[in-house]
2 protein chains.
Amino acid sequence: MAKRKPKWRSGCPLNASLEMLGDRWSLLIIRDMMLLGSQRFKEFLGSHERIATNILADRLRKLGAYGIIRTESDPSDGRKLIYRLTPKGIDLAPVLTEMVLWAGRHEKTENQALVRLMEKDKQKFLEGIRERWKQNQTHWNRSSKLIPRLGGGSLGPSEAHQRLI
Amino acid sequence: MAKRKPKWRSGCPLNASLEMLGDRWSLLIIRDMMLLGSQRFKEFLGSHERIATNILADRLRKLGAYGIIRTESDPSDGRKLIYRLTPKGIDLAPVLTEMVLWAGRHEKTENQALVRLMEKDKQKFLEGIRERWKQNQTHWNRSSKLIPRLGGGSLGPSEAHQRLI
DNA sequence: TTTTTAACTTGCATTTTGCAAGTGACTTGG
DNA sequence: CCAAGTCACTTGCAAAATGCAAGTTAAAAA
């Protein structure tokens, strides 16, 4: 019986996270799903950072293997696939948020509106992210592709996210 | 006047974080500094993940260039250098914490004691990290290399961290 | 003064990334 | 119902990053 190589370099939880997400692209894909509602291969290609198609395919495969996203086929169009965050995937919201807050504090970045929204009430922001995700889980087969807004504030994440990319 | 290439692929704060920290090693080095109090080249080499010397040298250089760590020479020994987290570096504690919590929740990892400590009172944990960092800033030239403990709880991070690696 | 120690650097093989072009299943417009 | 898209990839190849082992340099210890 062949001894399979260990899953991780070490059992440290931080190391586990890094082995799954420690590259330049994975969390950007998750950002697009989480904040912009991206679900299609083409939508990911549209982001400002310009990921290559082969890398995107590879990352989607890996994220699927890790249980962070899952893939469905679109019943209304045999060519299309739908990529969705799993519960494990949406649980990355706090990680993503802290990374945005850190860079927002220490680097000159765009989209300070998003940073301020996160700073103003982090908990509410995270709840909004999760709520929108739930909505899209249950009502995903509606005709409209519109992503529901968060809360009732004057500047919801939808607006802020437009400038994230 | 030559046009220098832009600092980042995009102005997104998440992307900025990823360009600085999005690899398999940088955050592990920061973990060792933050939780174990590592300050020397050799100490980083001792971690369980076994980073190579050339990669370590490269990451220390980059982290320095980003202002996340700084390097001092040891006045008592001309061979030795001391690597320390800057304020920008210690501000990564929440990022690191959320990554540990995420993996702790979704993967079978070691050191669940640390995970539980973070879960029990995240705010207090973060304050403890920062407090210990401050101590080491001001009292770093004491004879003792002992890292002060956090708070007064029965299981301080010092103990938990021993098993993190 | 020889030996050790600390912090690297160098050389080289392997792996990963990035870019451009191509492919195949499916849908749409005429 | 057929040609022309569209979608989600794959392939080939060059360039960059990573990993491993061995070597280097300056300073300290024996």
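Being a predicted model, the structure only gives us computed values, none of them experimental. Labels below follow one simple rule: chain letters A, B, ... track the order of the sequence lines, proteins then strands, and each chain is numbered from 1. Just so you know, these numbers use all the heavy atoms, side chains as well, and skip hydrogens, waters and symmetry mates.
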Integer-rounded Å distance: [N] [atom2] and [X] [atom1]:
X       : N      : atom1 : atom2 : result
A:Glu72 : D:dA8  : CD    : P     : 14 Å
B:Leu45 : D:dA21 : CG    : C1'   : 14 Å
A:Lys42 : C:dC26 : NZ    : C1'   : 14 Å
A:Ile29 : D:dA8  : CD1   : P     : 14 Å
A:Arg79 : C:dT28 : CZ    : C1'   : 8 Å
A:Leu28 : C:dT17 : CG    : C1'   : 15 Å
A:Phe41 : C:dG24 : CZ    : P     : 17 Å
A:Arg9  : C:dT15 : CZ    : P     : 16 Å

Given C:dA6, is OP1 or OP2 found less than 4.0 Å from the side-chain N or O atoms of B:Lys80?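 Checking B:Lys80 against C:dA6: no side-chain N or O falls below 4.0 Å of OP1 or OP2.
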Does B:Trp25 make a side-chain N or O approach to OP1 or OP2 of D:dG19 shorter than 4.0 Å?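 For B:Trp25, the contact criterion (side-chain N or O under 4.0 Å from OP1 or OP2 of D:dG19) is met.
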Taking the side chain as everything from C-beta on, heavy atoms only, tell me whether [X] gets closer than 4.5 Å to [Y].
X        : Y        : result
A:Lys7   : B:Glu107 : yes
B:Trp102 : A:Pro94  : no
B:Thr71  : B:Ile82  : no
B:Asp23  : A:Asp23  : no
B:Leu28  : B:Asp32  : no
A:Val100 : A:Asn111 : no

Any idea which of [options] is nearest the [X] side chain?
X       : options               : answer
A:Leu81 : D:dA8, C:dC19, C:dA7  : D:dA8
A:Thr53 : C:dA6, D:dA8, C:dA21  : C:dA21
B:Asp23 : C:dC19, D:dA8, D:dT18 : D:dT18

Could you list by number each residue of residues 54-71 of chain A showing a heavy-atom separation from DNA chain C of less than 4.0 Å, or answer none if no residue does?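 Residues of residues 54-71 of chain A under 4.0 Å from DNA chain C: A:Asn54, A:Ile55, A:Arg59.
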For the side chain of A:Trp25 and the backbone of A:Leu56, is there at least one donor-acceptor N/O pair under 3.5 Å apart?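 No, because the side chain of A:Trp25 does not come within donor-acceptor range (under 3.5 Å) of the backbone of A:Leu56.
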